[in-house]
Amino acid sequence: MTAAENVCYTLINVPMDSEPPSEISLKNDLEKGDVKSKTEALKKVIIMILNGEKLPGLLMTIIRFVLPLQDHTIKKLLLVFWEIVPKTTPDGRLLHEMILVCDAYRKDLQHPNEFIRGSTLRFLCKLKEAELLEPLMPAIRACLEHRHSYVRRNAVLAIYTIYRNFEHLIPDAPELIHDFLVNEKDASCKRNAFMMLIHADQDRALDYLSTCIDQVQTFGDILQLVIVELIYKVCHANPSERARFIRCIYNLLQSSSPAVKYEAAGTLVTLSSAPTAIKDLVMDILRVLSTPDLEVRKKTLQLALDLVSSRNVEELVIVLKKEVIKTNNVSEHEDTDKYRQLLVRTLHSCSVRFPDMAANVIPVLMEFLSDNNEAAAADVLEFVREAIQRFDNLRMLIVEKMLEVFHAIKSVKIYRGALWILGEYCSTKEDIQSVMTEVRRSLGEIPIVESEIKKEAGELKPEEEMTVGPVQKLVTEMGTYATQSALSSSRPTKKEDERPPLRGFLLDGDFFVAASLATTLTKIALRYVALVQEKKKQNSFVAEAMLLMATILHLGKSSLPKKPITDDDVDRISLCLKVLSECSPLMNDIFNKECRQSLSHMLSAKLEEEKLSQKKESEKRNVTVQPDDPISFMQLTAKNEMNCKEDQFQLSLLAAMGNTQRKEAADPLASKLNKVTQLTGFSDPVYAEAYVHVNQYDIVLDVLVVNQTSDTLQNCTLELATLGDLKLVEKPSPLTLAPHDFANIKANVKVASTENGIIFGNIVYDVSGAASDRNCVVLSDIHIDIMDYIQPATCTDAEFRQMWAEFEWENKVTVNTNIVDLNDYLQHILKSTNMKCLTPEKALSGYCGFMAANLYARSIFGEDALANVSIEKPIQQGPEAPVTGHIRIRAKSQGMALSLGDKINLSQKKTSV
């Protein structure tokens with residue numbers, strides 16, 4: 001279609017493998033061919049008209065030889081033909097031939113077949129010529145009384161369209177449709193009629209609704225949806241009407257249709273600030289958690305957290321607790337563990353915001369400390385640590401529950417954290433004794449070395465085979481590598497699964513937990529000495545703690561563990577032994593006061609960082625208001641000024657399209673002009689430029705093609721090809737361009753992954769009347785930028801390290817820049833790559849000559865991108881020396897890692913303004 005043609009509402013799939021036929025052959029087929037030949041000829045005529053051909057000589061032929069046919073396929077094609085064919089002369093007068101067409105459609109509106117009547121009525125909705133519609137009005141009115149609902153509902157639509165465009169043709173349409181609505185029984189017909197009244201005569205629509213407001217629940221869902229729309233518009237324009245319709249909206253919340261419930265809930269929240277409305281909305285949103293898709297569940301939980309308040313947090317917590325229990329020991333879906341983590345974090349956030357809920361949440365979550373999924377257990381442990389520090393009244397409950405599940409903990413990392421919490425917060429004599437009992441139970445029989453040797457007596461080989469354990473490549477928090485190998489002896493083990501958990505950790509060579517245990521024993525021993533006055537009991541408890549540390553040291557120095565104890569762990573345990581042997585007041589303060597203060601400082605810093613992050617996000621979302629913008633007061637707005645208010649239906653549509661709270665620039669074309677790419681030169685016979693619009697999963701190329709010659713260009717075709725993970729959805733249709741004419745061609749390109757891509761191609765055409773071969777104009781390449789798909793995201797340090805270890809594609813980029821400040825270079829990289837810095841600002845503040853930071857982003861396709869920036873300032877080269885170092889990028893796919901590396905390489909140097 002060229003820009004000069006009228007709007008067409010019908011999309012036609014055009015085959016590309018055939019040459020356009022001549023007008024003479026088409027005329028012959030339309031006059032003398034059978035029904036099948038006439039059908040094919042009519043299809044070709046439609047395609048040629050869509051491509052810009054006029055074909056005025058065929059109009060009378062089609063009226064004489066095709067229009068009288070009763071074949072249903074022919075009639076459907078004729079509807080399309082009359083929609084696109086020019087119906088007026090160049091001076092704007094209606095063609096005389098259209099009178100014959102009008103008479104034919106008057107007969108079709110009286111046809112006994114309901115399909116022909118209904119499809120003709122749908123066609124009339126697309127006509128824009130009042131002269132054609134006027135003779136048909138009696139027949140259209142009569143169709144309102146047809147026996148078949150298909151005809152009646154299309155008759156309503158036709159009347160509505162004609163009334164909207166040419167009100168003088170049917171001035172009594174609202175009254176006519178109101179009477180029709182009162183007597184109609186079919187749901188689809190009633191929906192169309194009611195929708196017309198909403199837009200054409202709202203008072204009549206309200207009159208009808210008031211007569212049947214008690215029966216709304218019995219209506220079909222399609223009618224209920226338009227009733228919700230009407231109630232919203234009325235209450236939005238006139239808030240005093242809310243009380244009249246709020247009960248109706250409450251009733252529609254019980255509808256069996258999810259769509260009706262969703263719209264009713266949204267309308268209720270918009271129109272009412274009552275707590276019940278918000279609660280119903282949150283509860284309805286949480287039903288989406290039944291979907292298996294993890295990303296949908298994540299968005300649902302985020303939305304629920306945004307809507308939760310003190311009035312509905314209790315119901316939210318109950319639902320989330322049920323969801324957590326459902327995930328226990330369920331492994332039918334691969335995302336179950338990640339979903340459990342999401343639930344734990346959501347409950348964590350609820351408990352921090354609403355401390356009264358913590359007491360209900362903690363007992364359920366602490367059951368998961370013994371879970372096989374270490375990540376979920378770690379989240380629970382982090383939550384428990386924060387709760388026990390923040391809420392003094394819950395400390396007894398948490399310690400009691402921790403002692404119950406302590407023996408069942410399977411992960412050494414969780415075990416260490418649990419030991420720390422028990423050692424820090426057990427403040428009564430009974431709790432301290434319980435901790436010691438649990439430690440002895442988890443450690444098994446002591447001394448460990450002697451008991452293990454007795455257990456294995458008679459089973460040891462005379463010569464043990466010494467092997468070097470596999471080299472482990474570990475990743476530190478800064479993103480650097482640490483290599484560790486261990487010398488271990490392999491021997492047959494007996495009933496390893498029956499060992500107590502702590503004993504098993506130690507025999508596996510994990511002595512870091514032993515250092516943590518020594519610290520815990522020291523804390524509770526010093527606290528026990530302060531609580532108990534009897535010297536004998538004091539000495540007995542301290543001696544027991546020292547015995548446990550000594551037997552662990554003995555085990556570490558023996559050959560029984562798979563890995564020997566490290567020097568750091570030996571130093572820590574030896575220090576604890578010395579502290580207990582001396583029991584000085586200074587050491588007591590360090591172990592029992594300073595440790596807790598450090599935790600308090602860390603939690604305060606974390607809370608401050610979260611508040612700062614939320615403040616920045618809210619500042620980004622704020623809409624800037626100009627000083628001269630008019631202020632709209634709802635109370636002072638006239639009822640008929642409804643259009644000047646924000647319509648939530650329109651806002652929700654904009655939000656779904658990703659345009660929420662986005663104001664247009666002063667020049668509405670400014671943003672579009674930045675994305676226009678020139679494809680050919682001004683001296684080429686065909687000039688072309690493309691506007692590249694990047695959507696979420698596809699790219700739309702709107703190509704302007706201008707014929708700069710004095711010849712007619714036939715079969716002008718835009719041929720495109722792609723490089724990278726891009727795919728052309730369909731080949732653009734060929735055009736016919738008149739001399740100095742222009743046209744717009746649209747092409748869709750599907751995007752499958754996040755990587756740079758290139759679109760290239762050419763324009764080929766034939767010159768009318770020339771005998772030469774096809775002409776070709778080569779187009780410039782269009783480069784698709786990866787930044788259109790990457791968005792800043794956040795993750796925990798543990799998740800970052802886990803992904804860093806898992807991702808196999810790495811791209812190392814050497815820093816080559818003219819920026820001389822470390823922080824300036826980091827900010828420049830963040831702006832250029834659209835990534836987010838996970839390293840806290842406090843860790844980056846100050847100046848020490850070097851900097852290390854972790855960056856993270858996520859693509860719209862769910863792909864993760866990690867980066868570690870390690871840079872330094874070579875001070876010896878002077879203050880103007882540029883930053884040096886490396887940036888390591890890791891991603892799951894090769895294209896993501898390479899494309900992000902290319903982007904950094906291209907944008908490293910800051911251009912002077």
Side-chain angles (χ1 to χ4, degrees), residues 403 406-412 415-416 418-419 422-423 432-469 486-525 528 536-582:
L403 288 169
F406 186 74
H407 68 281
I409 295 176
K410 301 179 181 66
S411 167
V412 64
Y415 200 94
R416 287 200 313 265
L419 273 175
L422 290 173
I432 293 172
Q433 288 284 7
S434 300
V435 172
M436 180 61 80
T437 303
E438 286 296 333
V439 170
R440 289 294 299 267
R441 177 183 174 187
S442 184
L443 200 56
E445 186 182 350
I446 57 171
I448 301 174
V449 175
E450 284 77 359
S451 63
E452 284 295 316
I453 291 175
K454 287 178 183 177
K455 192 183 293 184
E456 295 187 356
E459 299 180 7
L460 291 175
K461 295 183 179 179
E463 293 181 4
E464 295 178 353
E465 183 184 353
M466 304 301 293
T467 59
V468 178
L487 187 71
S488 61
S489 58
S490 63
R491 59 176 58 80
T493 56
K494 185 177 181 181
K495 299 182 181 178
E496 285 189 4
D497 294 339
E498 296 179 6
R499 288 175 179 159
L502 182 55
R503 194 186 193 95
F505 298 147
L506 296 176
L507 288 172
D508 287 338
D510 194 334
F511 283 94
F512 187 30
V513 70
S516 179
L517 174 63
T519 305
T520 299
L521 290 174
T522 304
K523 288 180 182 178
I524 63 174
Y528 188 85
K536 184 178 179 182
K537 288 186 177 180
Q538 290 179 359
N539 291 339
S540 174
F541 193 91
V542 171
E544 185 176 7
M546 295 177 73
L547 173 63
L548 294 178
M549 295 184 214
T551 189
I552 290 172
L553 274 177
H554 186 200
L555 174 65
K557 296 293 185 181
S558 70
S559 60
L560 290 174
K562 295 179 180 178
K563 300 174 187 176
I565 191 170
T566 62
D567 292 339
D568 288 341
D569 295 332
V570 170
D571 291 344
R572 167 61 76 169
I573 297 173
S574 302
L575 174 65
C576 292
L577 282 169
K578 187 176 181 181
V579 169
L580 286 182
S581 64
E582 296 175 356

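Atom set for the values below is all heavy atoms of this structure, side chains included, hydrogens, waters and symmetry mates excluded.
Sorted by first and then second residue, the ring-ring contact (aromatic ring centres under 6.0 Å, His included) pairs with a member in residues 540-582 read Tyr528-Phe541; sequence neighbours excluded.
Atoms CD1 and CZ, from Ile552 and Arg503 in turn, are 10.5 Å apart once rounded to the nearest 0.5 Å. The line from OG of Ser516 to CZ of Arg416 is 7.0 Å long, rounded to the nearest 0.5 Å. Put simply, CG on Leu547 and CD on Glu544 are 7.5 Å apart, with the number rounded to the nearest 0.5 Å. Rounding to the nearest 0.5 angstrom, the gap separating the CD atom in Gln433 from the CD atom in Glu438 is 12.5 Å. Distance check, rounded to the nearest 0.5 Å: CG of Leu502 to CZ of Arg441 gives 13.0 Å.
The two residues His407 and Pro501 come nearest to each other via the heavy atoms O-CG, 3.8 Å. Contact record, Phe511 with Pro561: CZ-CG, 3.7 Å, taken as the closest heavy-atom pair. Closest approach of Ser581 and Met546 over heavy atoms only: CB-CE, 4.1 Å. When all heavy atoms are compared, the tightest approach of Leu548 to Thr551 is O-CG2, 3.0 Å. Contact record, Val513 with Tyr415: CG2-CD2, 3.9 Å, taken as the closest heavy-atom pair.
Here the side chain of Thr519 pairs a donor or acceptor atom with the backbone of Ala515 at under 3.5 angstrom. Checked by atom type and distance alone, the side chain of Ser540 never pairs as donor or acceptor with a backbone atom of Lys536 at under 3.5 Å.
With a 4.5 Å cut-off on side-chain heavy atoms, Leu555 and Leu507 count as touching. Side-chain contact between Leu580 and Met549 is present, with at least one heavy-atom pair separated by less than 4.5 Å.
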Side-chain donor-acceptor distances from residues 571-578 under 3.5 Å, at least two apart:
{"unit_1": "Ser574", "atom_1": "OG", "unit_2": "Val570", "atom_2": "O", "d": "2.7"}

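Residues satisfying the side chain to side chain donor-acceptor pair (under 3.5 Å) test with Asp510, not counting sequence neighbours, are none.
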